[in-house]
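Please read all numbers here as calculations on a predicted model, not as lab measurements. Heavy-atom basis, side chains included; hydrogens, waters and symmetry copies ignored. All residue numbers in this chain count up from 1 along the given sequence.
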Amino acid sequence: MANPVLPSSGVLSPLGLDAVRLSPGFWGDRVALNREVTIAHCQEWEEREGWIGNFRGERPRRGREFSDSEIYKLLEAMAWADHPGLPALAEIVAGAQEGDGYLNTRWSGSRYTDLEWGHELYCYGHLIQAGVARLRTHGEDTLTRVAVRAADHVCRRFMEGTQTCGHPVIEMALVELYRVTGTERYLEMARRFVERRGLPALADIPFGRAYYQDDLPVRQAQVFRGHVVRALYLASGVVDVAVETGDEELLKAVEAQWERTVARRTHLTGGMGSRHADESFGEDYELPPDRAYNETCASIASVMLSHRLLLATGDVRYADLAERTLYNMLATGVALDGRSFFYANPLQVRVPAVPLDGVNHAPEGGLRSPWFDVSCCPNNIARTLASLPAYVATATADGIQIHHPTPAEIRHGELAVKVETGYPWDGAVTVRALTGGRGRIALRVPAWAAGARLTHRGEVREVAPGYAVADGPWRTGDELRLELPIAPRWTFPDRRVDALRGSAAVERGPLVYCAESVADEPPLGDLAARVAPPVEHHVDGVVELEVAASLGGGEQSGWPYGHEPDGRPSGADAGLRLVPYHRWGNRGPATMRVWLPVG
Ligand SMILES: [Zn+2]
């Protein structure tokens, strides 16, 4: 089963890359672009930056202390994509592994002297995930042997004692290696790493131990906190440990933390993280659009966690959040040409970014960059898109569940179906049986899709958000048709989100929209939109929207405060064009805003 997550129990079983084949469409096109362009792009930059040369022993060593992990993420992407460059790159990595399995180009000679910031176990985590991907798509080879030797080294070195790594990911990697090999010490090592956190296991640091989730034992925490990627990678590993050890209390703890985080610490795009200084969550309801951080990697971690919770519980809310995050964060993180990337993903950009040659020109958002000094996001996008088919559908003993409608062929047991849809631009989803067979087919109906209708054997019925189900038997050519009401809708924030008070946003289907201003288009700093049904414009296969808004004339009083509430800007209403948020920043430097002042 070619699958990044393959729990041995749970309500839903994932279907892997061998069961789900994407066809041309929103995600199929992106997966193909990733395989044909982005993977090679990442490898070229890693070579150019010297990060691959580090494994060849080239000195001085180049890159940050965790740059090894970028090569491992790329190897994972190559494994899922069955990329021909993998064996040669794996040989280079293997050349740097020491006799006892230790492998790190930065800390060789001063092993484990800085567990707080050294990222050694974090790097192994990504190496092991790459090894698991290779085992599940190809079988044993150089890469898988390197990964297993590293995992065995970790178990020997860390099984006893109280130590762990400042950056989680080793936990979920070891559980997955246990799942694919059956070797129980990997699960036990992961369990111990989880239980050690918060005892505490790491030194106090200026950011505070919450930064690396070492302030409290996992079971006692109420909400995700600290560095977002660390928090969500850890939570993913905790779910994996809970599922494999049958620890209901541990699973319930993560579910409760997820629930509160989604209710109070998540941006409309699904992005998480409001603090730039330590890349962390803010406090509850601290969700400023312009200072949103929303690292692309954090959104990938969120999808990984939601997917695990969906498999464990079958609760549709996890698939809903994954969808929001995939369409508005993952798709935003990479340019339409597959060669540049966002690191931070704010919901408002006030000043157009200044393009510079080379790298790292806008790590805080505004313009995608071909590379960064810390290039976690490009490689993370590459491995996630390469394995994306594995997130689309699941199975149970009685049939299949399609969580993310996208053109695809899905096979499981007796069932083989073809999914046809123009989603997310169009709300119609057709599932056609390619063979006869028994089994129930379930299609997710997102929470926003009240009034959806399902047509089955000539009967039309309304289906509530959750899952629309239809039972077989199916004959070749039988069709199931779901109509999701996809009209644009206005969305208003909870009043406790101070930074958004007086504003509203527009969504259509799973997509969040934004106003974007490039070159000499009107600026977006002073406007008021009318809450009225937006007008749709179909432009080259993309749906843009138009709302009425008055744009300010730029008058200012010299002091931005007064003794009466401020009114609307003085400009007459005009049409304000909105584009899908994931497409913004593809036309050059721009200003942008998701939340529009209304009234
Ligand atoms: Zn990143």
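Asn294 contributes no side-chain N or O that, together with a main-chain N or O of Pro346, makes up a donor-acceptor pair within less than 3.5 Å. Side-chain N or O atoms of His267 include none that pairs as donor or acceptor with a backbone N or O of Thr269 at under 3.5 Å. The main-chain N or O of Ala298 is never found under 3.5 Å from a side-chain atom of Ser302 such that the two would form a donor-acceptor pair. Looking only at distances, a side-chain donor or acceptor of Arg368 sits under 3.5 Å from a matching main-chain atom of Thr332. Although no hydrogens or angles enter the test, the distance criterion places no donor-acceptor pair under 3.5 Å between the side chain of Asn380 and the main chain of Cys376. Proximity of a side-chain donor or acceptor of Trp474 to a complementary backbone N or O of Gly439 within less than 3.5 Å is detected. The closest donor-acceptor contact from the side chain of Ser375 to the backbone of Trp371 lies at 3.5 Å or more, if one exists at all. Not one N or O on the side chain of Arg432 forms a donor-acceptor pair closer than 3.5 Å with the backbone of Lys418. No donor-acceptor distance shorter than 3.5 angstrom exists from the side chain of Gln401 to the backbone of Ala393, with no hydrogens or angles considered.
The ring pair (Phe, Tyr, Trp, His ring centres under 6.0 Å) search around Tyr178 returns none, not counting sequence neighbours. With sequence neighbours excluded, no residue forms a side-chain contact (heavy atoms from CB on, under 4.5 Å) with Ala256. In this structure, the side-chain contact (heavy atoms from CB on, under 4.5 Å) partners of Thr313, at least two apart in sequence or on a different chain, are Glu255, Asp315, Tyr318. Residues passing the ring pair (Phe, Tyr, Trp, His ring centres under 6.0 Å) test with Phe26, sequence neighbours excluded: Tyr327, His582. Checked against side-chain contact (heavy atoms from CB on, under 4.5 Å), Ala79 has the following partners two or more places apart in sequence or in another chain: Leu86, Ala133, Arg134, Thr137. Remark: Arg185 engages Asp152 in a side chain to side chain donor-acceptor pair (under 3.5 Å) (not counting sequence neighbours). In this structure, the side-chain contact (heavy atoms from CB on, under 4.5 Å) partners of Leu311, at least two apart in sequence or on a different chain, are Val5, Pro7, Leu12, Pro14, His307, Thr394. Under the side chain to side chain donor-acceptor pair (under 3.5 Å) criterion, Asp247 pairs with Arg219, sequence neighbours left out. Phe66 meets the ring pair (Phe, Tyr, Trp, His ring centres under 6.0 Å) test with His119; sequence neighbours excluded. Under the ring pair (Phe, Tyr, Trp, His ring centres under 6.0 Å) criterion, His227 pairs with His167, Tyr211, sequence neighbours left out.
A distance of 3.5 Å separates CD of Glu279 from OH of Tyr293, quoted to the nearest 0.5 Å. Taking CZ from Arg179 and CZ from Arg136, the interatomic distance works out to 7.5 Å, rounded to the nearest 0.5 Å. For the atom pair OG (Ser387) and CG (Asn3), the distance works out to 8.5 Å, reported to the nearest 0.5 Å. Between the CD1 atom in Ile441 and the CG atom in Asp398 there is a gap of 11.5 Å [rounded to 0.5 Å]. Put simply, OG1 on Thr164 and OH on Tyr212 are 11.0 Å apart, with the number rounded to the nearest 0.5 Å. Expressed to the nearest 0.5 Å, how far OG1 of Thr144 lies from CG of Leu135 amounts to 4.5 Å.
Test Gln97, Glu120, His153, Arg149 against Tyr102 for side chain to side chain donor-acceptor pair (under 3.5 Å) and you get one pass: Glu120.
Taking the charged nitrogens against the carboxylate oxygens, Arg62 and Glu49 have no contact shorter than 4.0 Å, which rules out a salt bridge. For Arg35 and Asp82, the salt-bridge test fails: no basic side-chain N is under 4.0 Å from an acidic carboxylate O. Using a cutoff of 4.0 Å between basic side-chain nitrogens and carboxylate oxygens, Arg308 and Asp240 are scored as salt-bridged.
Arg324 is listed as a side-chain neighbour of Val512, based on a closest heavy-atom distance under 4.5 Å. Counting only heavy atoms from C-beta outward, the side chains of Leu480 and Val429 never approach each other to under 4.5 Å. Considering only heavy atoms from C-beta on, Ile486 stays 4.5 Å or farther from Asp426 through its side chain. With a 4.5 Å cut-off on side-chain heavy atoms, Val303 and Thr384 do not count as touching. The side-chain heavy atoms of Val417 and Leu434, taken from C-beta on, include no pair separated by under 4.5 Å. Put simply, the side chain of Cys377 reaches to within 4.5 Å of the side chain of Glu295, judged on heavy atoms. Side-chain contact check for Leu103 versus Phe55: some heavy-atom pair is nearer than 4.5 Å.
Glu244 and Ser8 share a donor-acceptor pair across their side chains, judged by distance under 3.5 Å alone. Checking Asn345 against Thr296 by side-chain atom types alone, a donor-acceptor pair falls below 3.5 Å.
A pairwise comparison of heavy atoms in Ala94 and Val146 identifies CB-CG2, 3.6 Å as the closest pair. Pairing each heavy atom of Gln257 with each of Val218, the nearest pair is NE2-O, 3.0 Å. For Val392 against Thr406, the heavy-atom pair with the smallest separation is CG2-CG2, 4.3 Å. The heavy-atom pair separating Ala386 from Leu17 by the smallest distance is O-CD2, 3.5 Å. Contact record, Ala408 with Val20: CB-CG1, 4.5 Å, taken as the closest heavy-atom pair. Considering all non-hydrogen atoms of both residues, Arg197 and Glu171 come closest at NH1-OE2, 3.7 Å.
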List the steps and the verdict of salt bridge (Lys or Arg N to Asp or Glu O under 4.0 Å) for Lys73 and Glu46.
CA-CA 11 Å; Lys73 280 178 224 155; Glu46 286 169 14; over 6 Å; no

Given side chain to side chain donor-acceptor pair (under 3.5 Å), test Tyr72 with Gln129 step by step and report yes or no.
CA-CA 8 Å; Tyr72 303 151; Gln129 288 181 323; over 6 Å; no

Verify salt bridge (Lys or Arg N to Asp or Glu O under 4.0 Å) between Arg444 and Asp320, making sure each step is shown before the conclusion.
CA-CA 9 Å; Arg444 185 174 58 89; Asp320 278 356; 2.4 Å; yes

Would you please test Arg56 and Glu47 for salt bridge (Lys or Arg N to Asp or Glu O under 4.0 Å) and show each step?
CA-CA 11 Å; Arg56 296 192 195 98; Glu47 196 64 78; 2.9 Å; yes

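Sorted by first and then second residue, the salt bridge (Lys or Arg N to Asp or Glu O under 4.0 Å) pairs involving residues 230-239 (not counting sequence neighbours) form an empty list. Each ring-ring contact (aromatic ring centres under 6.0 Å, His included) pair with one or both residues in residues 126-150, not counting sequence neighbours, appears once here: Tyr122-His126.
Aromatic ring orientation, His403 versus Tyr467: perpendicular (interplanar angle above 60°, classes split at 30° and 60°). Taking the six-membered ring where the residue is Trp, Phe341 and His41 present tilted rings, their angle falling between 30° and 60°.
The number of heavy atoms from other shown groups lying within 6.0 Å of CZ (Arg317) is above 12.
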